[in-house]
Visitor: 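One structure, as structure tokens, below. Some questions next.
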Amino acid sequence: MTATPQYIHVSVAWPYANGDLHVGHLAGAYLPADIFARYHRLKGNHVLMVSGSDSHGTPISVEADKRGIPARDLFEHYHQRFLLTQQKLGISYDLFTHTDTENHHKIAQDFFTRLLQGGALYTETQDLMYSELEKRFLPDRYVEGKCYICGYDKARGDQCDNCGNLLEATLLIEPRSRNNPADKLVIRTAEHYFLDLGKFTNELLAYVESKKDVWRANVTAFTRNFIADGLRGRPITRNIDWGIAVPLAGWDDKKLYVWFEAVMGYFTASVEWAHNIVDYHAWKKWWYNPEAKIYNFLGKDNIPFHTIIWQAELLGVDGIYNDGDSARINLPYDVPANEFMNIEGQKFSKSRNWAIWLPDIAERYQPDAIRYYVAATMPESKDSDFSWEGFYSRVNNELVAAWGNLANRMLTFAYKRFDGKVPAYDQLTPQDEAIIRQSEAAFDKVGTLLGEVRLLAGLQAAMDVVRDANAYLNEREPWKRIKDDPADAARSVYTILRVIDNLKILLAPWLPFSAQKLHEYLGYAGQIFGTLKIETFHEHTRSHNGLTYDGSKAVGRWQVSALAQGQALREPAPLFVKLDPEIIEKERAFLGAPRDEHEIVVG
RNA sequence: GCCGACGUAGCUCAUUCGGUUAGAGCGGUUCACUCAUAAUGAACAGGUAGUAGGUUCGAGUCCUAUCGUCGGCACCA
């Protein structure tokens, strides 16, 4: 139990700040990351969990144009909502920042420069379709025209839907914009920088193979496949206005491509955290420490960006900011990608509003209820489905009836019948000791599963203890013994309270809010976890808000209970709100209907 | 079209390298209990593991074919 603390970096995919967060974000990345991080915090490991809003990229510009506001205003609006939403749901980021900080710009540019100096970049002149009307280069998929292979009239710039061939947009006959068919397109040449991925093929391949027993099978298979197809250079600059400047003279009309710089956020946010919150060089303990482990949590759509591109970038900048130290920069130890969470059997769709928005449900349900259901139906190995009937029944049957009620029934009983104290006992029976040992053994079992990022199995293992504890009570029947053999009732009530105390910690990574309440009902002081707060950070020319986690006062430990006899309890109350069956239809009615953004109220 | 993944009880899902009568939760039926937000426990019912072949002493687990669902095929991140 007294192993040397490990350095665990939990990096979470960066959400585009062009709309509210939805349940897919939570299921895909934020919740698994938080459960994993909270477990390691309880273990006493040095956790650094970072993410932030992706403030660049076409989706931001497109949405901002649609609303007629500057891109910066749009992303700042959603960034602030991301902070509030995640604070409410208890996603315990050491730092949740964004990519429009001076820090991120500077480091991204330094990455670019270092890659350039290391020979990992090259320039190439591309012929691209340019819209005179929109005054910009159009992505291939926005171009339409006659297929030069089969003659199909509505071929897209990247592929013909009729003959299936991959196309060159510039060769299309009579090319036009899909946004506006009247818009005549012309071919313009532009010089761009490319990241030479092919240069890293062998290193990347060797790395996947070395991690094949750690990474999930789908992640390994996808990555191998991607490499086997042949890695081609990828353009990392673009003719756009909104983004990070290319740090070279004469490149003013271009910016760094968003996918190139956004993933660097894992690194830049670590540096920002160190600069703002602790000491300047602290980030190195995760990035240049051979013992540290970096875990990237993301959705499956993001796999190649993390197992190929980000890793190539890291390989290409190895040694950056390390002041000549020989340690190599750390690549992600694991990339636990989740699949997708569908909604009532259909795919998420922002345009159809087929989505469950986190700010909305956080208004109506307890954070632990949301966390429980999403964690219990997490798409860990395949797509899963969020259904309101499932939410209703799992919350009521499992969270409220099995677990919440176990705690409530015995806390109430002890509080009323044992003078508000943990009962004192003479000697425990073998049956009492057996259930205590069982709940203690779960620390290794659940802990191992959590360490392997097998969160579904971990939750199940913890809930198994809940069921065993309920069964134990039915046999021991303290409510009967209190009448004919009070000493025996004291034994079993003490026992069950100690089991509940263990379950409190076993379930805390999933259910941090109710764990804290339980902690207090059991008569303990202090907080199991640290505190999340929103702070403002000032740079030279701009300021930004970030979500931060202060764990300095946290007392929770991944350790078995040593519940003291006679400890004074506090008056208990039910941990969870039981759901009304009416919510099923009410919530379904929101799907596919127009939605208004509500102000997010915390507390 | 090419590549990949998946298809297991009414529902949601487990079955790490192929190995005893394929498991769990929910839902259903019966019984027990009353401390608890009418909350718990026990027992029972329920699956020829999409389909058809094959390899093997033995396959849900490997191979082939076929049907179905989904994803990727790089400038959408």
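Labels below follow one simple rule: chain letters A, B, ... track the order of the sequence lines, proteins then strands, and each chain is numbered from 1. In this text the structure is predicted, and so the values were computed from the model without any measurement.
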Visitor: For the residue pair A:Gln311 / A:His306, report whether a side-chain donor-acceptor contact shorter than 3.5 Å exists.
Guide: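 Checked: A:His306/A:Gln311 side chains show no N/O donor-acceptor pair below 3.5 Å.
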Visitor: Hey, is A:Trp479 stacking on B:C35? Ring centres under 5.5 Å, planes under 30°.
Guide: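 It does: the ring sits over the base of B:C35.
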Visitor: Classify the nucleic acid contact of A:Gly233 as base, sugar-phosphate or nothing, counting any heavy atom under 4.0 Å across all strands shown.
Guide: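 If one applies the 4.0 Å heavy-atom cut-off, A:Gly233 turns out to touch nothing in the nucleic acid.
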Visitor: Counting Watson-Crick and G-U wobble pairs whose two distances are both under 3.5 Å, find the runs of 3 or more in a row that involve RNA chain B.
Guide: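 Counting only runs of 3 or more consecutive pairs, the stems involving RNA chain B are B:1-7 with B:67-73, B:10-13 with B:23-26, B:28-32 with B:40-44, B:50-54 with B:62-66.
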Visitor: When the C1' atoms of B:C57 and B:G50 are compared, how many Å lie between them, rounded to an integer?
Guide: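 The answer is 28 Å between these two C1' atoms.
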Visitor: If you check the A:Asn397 side chain, which of B:C3, B:C26, B:A77 turns out closest?
Guide: B:C26
Visitor: Name the nucleic acid region contacted by A:Asp301, choosing base, sugar-phosphate or nothing; use a 4.0 angstrom heavy-atom cut-off, strictly under.
Guide: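 Base, at least one base heavy atom under 4.0 Å.
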Visitor: Is any side-chain N or O of A:Lys300 closer than 4.0 Å to OP1 or OP2 of B:C70?
Guide: no
Visitor: Which nucleotide in the list B:G41, B:A36, B:G4 gets nearest to the side chain of A:Thr412?
Guide: B:A36
Visitor: Using the side-chain heavy atoms of A:Leu231, tell me which of these nucleotides is nearest: B:C33, B:A74, B:C76.
Guide: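 Closest nucleotide among those given: B:A74.
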Visitor: Taking only the side-chain heavy atoms of A:Pro574 (C-beta and beyond), determine which of B:A74, B:U37, B:C33 contains the nearest atom.
Guide: B:U37
Visitor: With sugar-phosphate meaning primed atoms plus P, OP1 and OP2, does A:Tyr472 contact a base, only sugar-phosphate, or nothing at under 4.0 Å between heavy atoms?
Guide: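 Nothing, no heavy atom under 4.0 Å.
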Visitor: Using the P atom as the point on both nucleotides, what is the distance between B:G7 and B:U15, in whole Å?
Guide: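 My reading of the P atoms in B:U15 and B:G7 gives 10 Å.
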Visitor: Please give the distance between the C1' atoms of B:G46 and B:G23 as a whole number of Å.
Guide: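 The answer is 14 Å between these two C1' atoms.
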Visitor: What's the gap between B:G47 and B:U66 when it is taken at their P atoms, as a whole Å value?
Guide: 31 Å
Visitor: Rounding to a whole Å, what distance do you find between A:Ile496:CD1 and B:U40:C1'?
Guide: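 Whole-Å distance recorded here is 11 Å.
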Visitor: Starting at the 5' end of RNA chain B and moving along, which residue's nearest nucleotide shows up first, A:Glu475 or A:Asp464?
Guide: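 With A:Glu475 and A:Asp464 compared, the 5'-side residue is A:Asp464.
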Visitor: Base, sugar-phosphate alone, or nothing: which one does A:Pro478 contact when heavy atoms must sit under 4.0 Å apart?
Guide: nothing
Visitor: Check the surroundings of atom NZ in A:Lys350: do more than 12 heavy atoms from other residues, nucleotides or ligands lie under 6.0 Å from it?
Guide: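 Yes, the 6.0 Å shell around NZ holds more than 12 heavy atoms from other groups.
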Visitor: Across nucleotides 10-17 of chain B, 5' to 3', mark each nucleotide with B, S or - according to how protein heavy atoms within less than 4.0 Å reach it.
Guide: ---SS---
Visitor: Please state the C1' separation for the pair B:A59 and B:G1 - nearest whole angstrom.
Guide: 33 Å
Visitor: Test of understanding: with side-chain contact (heavy atoms from CB on, under 4.5 Å), list the residues that count as partners of A:Gln460, not counting sequence neighbours.
Guide: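 If we apply the side-chain contact (heavy atoms from CB on, under 4.5 Å) test to A:Gln460, skipping adjacent residues, there are no hits.
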Visitor: Using a heavy-atom cut-off of under 4.0 Å over every strand shown, decide if A:Leu575 touches base, sugar-phosphate, or nothing.
Guide: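 Base contact.
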Visitor: Among residues two or more places apart or on two chains, list those pairs meeting salt bridge (Lys or Arg N to Asp or Glu O under 4.0 Å) that have a residue in residues 332-344 of chain A.
Guide: A:Lys300-A:Glu339, A:Glu344-A:Arg588
Visitor: How is A:Ala221 classified with respect to the nucleic acid when contacts are heavy atoms under 4.0 Å: base, sugar-phosphate, or nothing?
Guide: nothing
Visitor: Should the side chain of A:Asn405 and the base of B:A36 be counted as holding a donor-acceptor pair, with the cut-off at 3.5 Å?
Guide: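 Answer is yes: a donor-acceptor pair is held.
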Visitor: Return the nearest nucleotide to the side chain of A:Glu398; candidates are B:A77, B:A36, B:G25.
Guide: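 Shortest atom-to-atom distance from the side chain points to B:G25.
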Visitor: May I have the step-by-step check of side-chain hydrogen bond (donor to acceptor under 3.5 Å, both in side chains) for A:Asn338 and A:Glu380, ending in yes or no?
Guide: CA-CA 5 Å; A:Asn338 270 0; A:Glu380 204 166 271; 6.0 Å; no
Visitor: Tell me what A:Val258 touches on the nucleic acid: a base, only sugar-phosphate, or nothing, going by heavy atoms under 4.0 Å.
Guide: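 If one applies the 4.0 Å heavy-atom cut-off, A:Val258 turns out to touch the sugar-phosphate alone, with no base involved.
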Visitor: Cation-pi between A:Arg467 and A:Trp403: NZ/CZ under 6.0 Å from ring centre and within 45° of the ring axis?
Guide: no
Visitor: Holding to ring-ring contact (aromatic ring centres under 6.0 Å, His included), I want the full list of residues that pass it with A:Phe75, two or more places apart in sequence or in another chain.
Guide: A:His98
Visitor: Classify A:Phe226 by what it touches in the nucleic acid, base, sugar-phosphate, or nothing, heavy-atom distance under 4.0 Å.
Guide: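 Base contact.
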Visitor: Find which nucleotide of RNA chain B each of A:Asn408 and A:Pro59 is nearest to by heavy atoms, and output the residue with the more 5' nucleotide.
Guide: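 Result: A:Asn408.
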Visitor: Could you check which of B:G4, B:A77, B:A74 has an atom nearest any side-chain atom of A:Tyr16?
Guide: B:A77
Visitor: Check whether any side-chain N or O of A:Arg238 sits under 4.0 Å from OP1 or OP2 of B:A77, and answer yes or no.
Guide: yes
Visitor: From the options B:U37, B:C76, B:A74, select the nucleotide whose nearest atom is closest to the side chain of A:Phe576.
Guide: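 Given the options B:U37, B:C76, B:A74, the side chain of A:Phe576 is closest to B:U37.
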Visitor: Between B:G28 and B:U20, how far apart are the two C1' atoms, rounded to whole Å?
Guide: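 That atom pair is separated by 30 Å.
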Visitor: Base, sugar-phosphate, or nothing: which does A:Met463 touch, judged by heavy atoms less than 4.0 Å apart?
Guide: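 It contacts nothing in the nucleic acid.
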Visitor: Residues in salt bridge (Lys or Arg N to Asp or Glu O under 4.0 Å) with A:Asp100, at least two apart?
Guide: A:Arg72, A:Arg542
Visitor: Sequence neighbours excluded, which residues qualify as ring-ring contact (aromatic ring centres under 6.0 Å, His included) partners of A:Trp479?
Guide: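 By the ring-ring contact (aromatic ring centres under 6.0 Å, His included) rule, A:Trp479 matches no residue at all.
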Visitor: Checking A:Arg188 against A:Tyr130: charged group under 6.0 Å from the ring centre and within 45 degrees of the axis?
Guide: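 Yes.
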Visitor: P atom, B:C2 versus B:U64: distance in rounded Å?
Guide: 15 Å
Visitor: I want to verify a distance call: between B:A42, B:C33, B:A77, whose nearest atom is closest to the A:Phe305 side chain?
Guide: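 So the side chain of A:Phe305 is nearest to B:A77.
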Visitor: Write down the distance separating the P atoms in B:G27 and B:G41, rounded off to the nearest Å.
Guide: 11 Å
Visitor: Taking only residues two or more places apart in sequence, or in another chain, which ones meet A:Tyr16 in a ring-ring contact (aromatic ring centres under 6.0 Å, His included)?
Guide: none
Visitor: With sequence neighbours left out, what residues match A:Asp196 under side chain to side chain donor-acceptor pair (under 3.5 Å)?
Guide: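 Listed in chain order: nothing, the list is empty.
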Visitor: Using a heavy-atom cut-off of under 4.0 Å over every strand shown, decide if A:Arg417 touches base, sugar-phosphate, or nothing.
Guide: nothing
Visitor: Closest approach to the side chain of A:Asn225, judged atom by atom: which nucleotide of B:G4, B:A32, B:U37 is it?
Guide: B:G4
